[in-house]
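So that the names make sense, note that chain A is the first sequence line, chain B the second, and so on, each numbered from 1.
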There are 2 protein chains.
Amino acid sequence: MRKAPTIRDVAAAAGVSVSVVSRVLNPDSGPVAPAKRQEVLRVIDDLGYRPRAAARELSAGHALTIGLVVTDLSNPFFARLADRIVWEARSHGVQVVLMTTQEDPHLEADSLDTLLDRSVSGVIATPTGGNIEKWRRLRDLGVNVVFIDRAIEELDDVDVVSIENFDSAQRSTGHLISLGHTRIGLITGPLSTSTGSARVNGYKAAHQHASLPVDPTLVRDVPFRGDAGGDAVGSLLAMRQPPTALIVANTAQVQSSVRRLVQTGIGIPDELSLIVFDDNPWTELTTPPLSVIRQPLDMLAVHALELVLGRMHGKLPDGARRIEVKADYLPRNSCAPLVLSNAR
Amino acid sequence: MRKAPTIRDVAAAAGVSVSVVSRVLNPDSGPVAPAKRQEVLRVIDDLGYRPRAAARELSAGHALTIGLVVTDLSNPFFARLADRIVWEARSHGVQVVLMTTQEDPHLEADSLDTLLDRSVSGVIATPTGGNIEKWRRLRDLGVNVVFIDRAIEELDDVDVVSIENFDSAQRSTGHLISLGHTRIGLITGPLSTSTGSARVNGYKAAHQHASLPVDPTLVRDVPFRGDAGGDAVGSLLAMRQPPTALIVANTAQVQSSVRRLVQTGIGIPDELSLIVFDDNPWTELTTPPLSVIRQPLDMLAVHALELVLGRMHGKLPDGARRIEVKADYLPRNSCAPLVLSNAR
DNA sequence: TACAAAAGTGGAACCGGTTCCACTCCGGAC
DNA sequence: GTCCGGAGTGGAACCGGTTCCACTTTTGTA
């Protein structure tokens with residue numbers, strides 16, 4: 001276990017001062033004679049020298065690192081999001097420290113403290129909705145915060161990247177209405193979250209546009225964690241006048257909802273048309289393949305990174321940006337026109 | 001954007017020296033009078049002081065951070081593994097820096113360099129198989145390395161945590177044989193990887209045990225990346241004497257394999273019995289639900305963390321540990337006894 | 001009462017980079 | 001020939017912690 005060389009070792013071996021080595025390491029930080037530059041580079045290569053990140057961070061006051069704070073990686077949506085973000089960050093020479101919150105504000109608060117200790121220069125997060133003050137403080141301390149997928153109303157000066165939630169819900173609801181459905185179930189996220197409320201609003205707007213009444217008992221807002229989606233499916237199907245179509249707009253609850261549908265053995269799309277907000281590969285492996293709203297994860301990731309890095313380098317104008325990317329409807333075989341026989 | 005307080009600010013406000021504050025921060029590093037300890041704690045709380053990780057790392061020479069190096073997070077196996085590891089690490093106060101390799105040794109090499117720069121005290125990785133020298137150097141520099149899921153033959157002095165690959169393959173093959181199948185297809189990972197070869201060996205052992213010949217044309221080793229699983233399925237089904245049962249032992253290729261099976265419309269389990277190495281929730285949403293080998297991710301994660309942290313604190317004896325955890329067979333409805341009519 | 005051991009404290013060096021600044025050269029303009 | 005500006009260089013302070021060590025004060029024991 002030998003010790004790694006430091007900048008002073010390099011300086012000594014190259015017969016120059018540490019200042020020169022540092023300037024070679026950071027071009028544009030000062031002039032170096034071409035001959036010495038060559039010599040220093042040779043020695044660096046020779047010794048296998050690599051600058052310690054901790055030392056650099058200490059003197060710079062901030063790290064070339066961003067924090068990624070998501071609910072949990074066992075949710076494929078976040079996993080794939082994380083994958084894109086890590087990938088995108090790497091191509092910009094930025095490392096990613098990963099933290100999960102399990103939708104628990106306390107764990108989130110902990111994570112933020114830790115990220116602050118690490119002097120990360122940015123944070124990309126799907127906020128739980130709590131810790132308003134903490135987020136504010138983080139930003140006041142110079143950390144560039146970008147919310148992804150969800151927003152927090154009270155923090156309207158934080159950048160947000162999300163999909164067009166209102167539009168997507170409106171379009172998918174409209175599609176089902178155009179197929180003749182009038183009783184459309186909706187399973188969405190907590191109404192306290194921006195995604196949850198935007199999707200409900202889109203759902204309502206589609207009804208209004210078609211001059212259809214909204215039956216509030218068909219709308220179920222359930223938490224992101226747990227199996228509440230399955231339960232909601234059960235209770236919707238048990239209604240006296242059950243829906244003839246269902247939109248699962250809570251991505252985290254899609255699996256549990258579909259599992260319940262499979263268990264009850266209800267015929268899709270004959271007895272129930274289904275649209276889910278989740279374009280995981282497995283959605284085409286079910287019988288029938290599911291019609292889905294595709295959430296363009298790479299776009300979310302790219303924009304989030306652009307915002308964080310842009311602010312890091314001060315290349316962005318002041319004022320919060322809200323970026324909404326379009327989510328496509330990908331029709332497969334889980335939606336069918338309503339036929340009278342199943343209009344119970 | 002105000003500046004965060006430093007240890008000297010705390011010392012000044014509490015009327016003590018920085019040494020005392022530091023000793024309060026790190027119990028066991030020296031005595032502090034109870035009264036002063038209280039006062040220092042009060043000031044810390046008052047000022048909202050938090051020690052900078054970079055400074056601590058610089059003087060300690062290593063960071064309370066581990067690197068997690070996996071192929072890619074869009075693979076649910078790695079995603080869930082990462083989830084468990086992050087979770088487990090957090091409970092020990094350790095942060096996780098995430099890097100992906102896409103199975104590319106060059107990207108892997110890059111990642112290792114970066115982690116070295118960051119002075120991580122441990123690395124948990126699913127190695128690509130390359131970079132032998134780099135791994136060795138990492139370990140020589142005092143970084144605790146643990147391979148998870150896969151091993152590298154040449155690095156027999158590195159800790160490894162994996163499932164019982166040989167056993168799992170032997171048992172699932174044996175199960176199919178006991179159902180009467182004699183032509184069993186196997187799709188596995190590259191034979192150059194420990195998982196790939198162990199699973200083929202288990203498959204062969206089961207045949208030998210039943211005095212069945214092994215038809216090498218039924219065994220397909222395909223890369224972890226890409227859609228080779230689907231192609232292998234296609235070519236297996238196109239054989240003059242196609243298999244009556246199939247084991248997909250390459251977790252990364254399960255989705256593409258199942259997709260192909262669904263596309264060809266082959267009857268499962270009537271025409272083909274199927275066992276896959278992947279216990280993702282979606283495997284029970286297909287028709288029929290798939291019989292799977294469950295890979296106990298939390299066990300893998302727990303053991304890996306235990307090894308890394310154990311070595312970090314020097315609590316472990318010298319010598320590499322190889323931990324194999326048992327993977328259960330979870331029967332569902334994709335396996336059936338061979339009936340003569342479909343023994344083509 | 002004397003003296004050794006232990007408790008408590010603060011000064012200063014150190015970890016390994018970056019950066020400011022003073023200083024020496026040099027070429028070109030006048 | 002003098003003067004000026006810029007290229008090139010190295011010394012030293014600094015970032016914010018930890019730790020060693022010397023020193024003072026207490027405590028315990030003979």
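- Of the two residues near DNA chain C, L58(A) and G15(B), the one whose nearest nucleotide lies more 5' is G15(B).
- The residues K134(A) and D113(A) are annotated as salt-bridged, a charged nitrogen and a carboxylate oxygen being separated by less than 4.0 angstrom.
- If you check distances only, the side chain of R8(A) does reach the base of dG17(C) with a donor-acceptor pair under 3.5 Å.
- A donor and an acceptor atom sit less than 3.5 Å apart, one in the side chain of S19(B) and one in the base of dG11(C).
- A salt bridge does not link R56(B) to D117(A): none of the charged nitrogens lies less than 4.0 Å from a carboxylate oxygen.
- When each of dG16(D), dG16(C), dG10(D) is scored by its nearest atom to the side-chain atoms of R23(A), the top-ranked nucleotide is dG10(D).
- Look at S59(A) and you won't find any side-chain N or O under 4.0 angstrom from OP1 or OP2 of dT18(C).
- A salt bridge is defined here as a Lys NZ or Arg NE, NH1 or NH2 lying under 4.0 Å from an Asp or Glu carboxylate O, and D104(B) with R225(B) fails to meet this definition.
- Side-chain proximity of I7(B) to the nucleotides dG17(D), dT9(C), dG16(C) is greatest for dG17(D).
- A close approach under 4.0 Å does occur between a side-chain nitrogen or oxygen of S22(B) and OP1 or OP2 of dT18(D).
- The shortest heavy-atom contact between V96(B) and A89(B) is CG2-CB, 3.7 Å.
- Salt bridge K36(B)/E39(B): absent, no basic N to carboxylate O contact under 4.0 Å.
- Taking 4.0 angstrom as the limit, K36(A) places none of its side-chain polar atoms (N or O) nearer than this to OP1 or OP2 of dG8(D).
- Candidate nucleotides dG17(C), dG16(C), dG8(D) were compared by shortest atom distance to the side chain of P51(A), and dG17(C) ranks first.
- From one end of the helix from dT1(C)-dA30(D) to dC30(C)-dG1(D) to the other, with five pairs defining each end axis, the axis direction shifts by 50° (rounded to 10°).
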Enumerate donor-acceptor pairs with a distance under 3.5 Å from any side-chain N or O in residues 15-31 of chain A to protein atoms, sequence neighbours excluded.
from	atom 1	to	atom 2	distance (Å)
S17(A)	OG	S19(A)	N	3.4
R23(A)	NE	P31(A)	O	3.3
S29(A)	OG	N26(A)	O	2.7

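- Considering only side-chain N and O atoms, R56(B) lies under 4.0 angstrom from the phosphate OP1 or OP2 of dT18(D).
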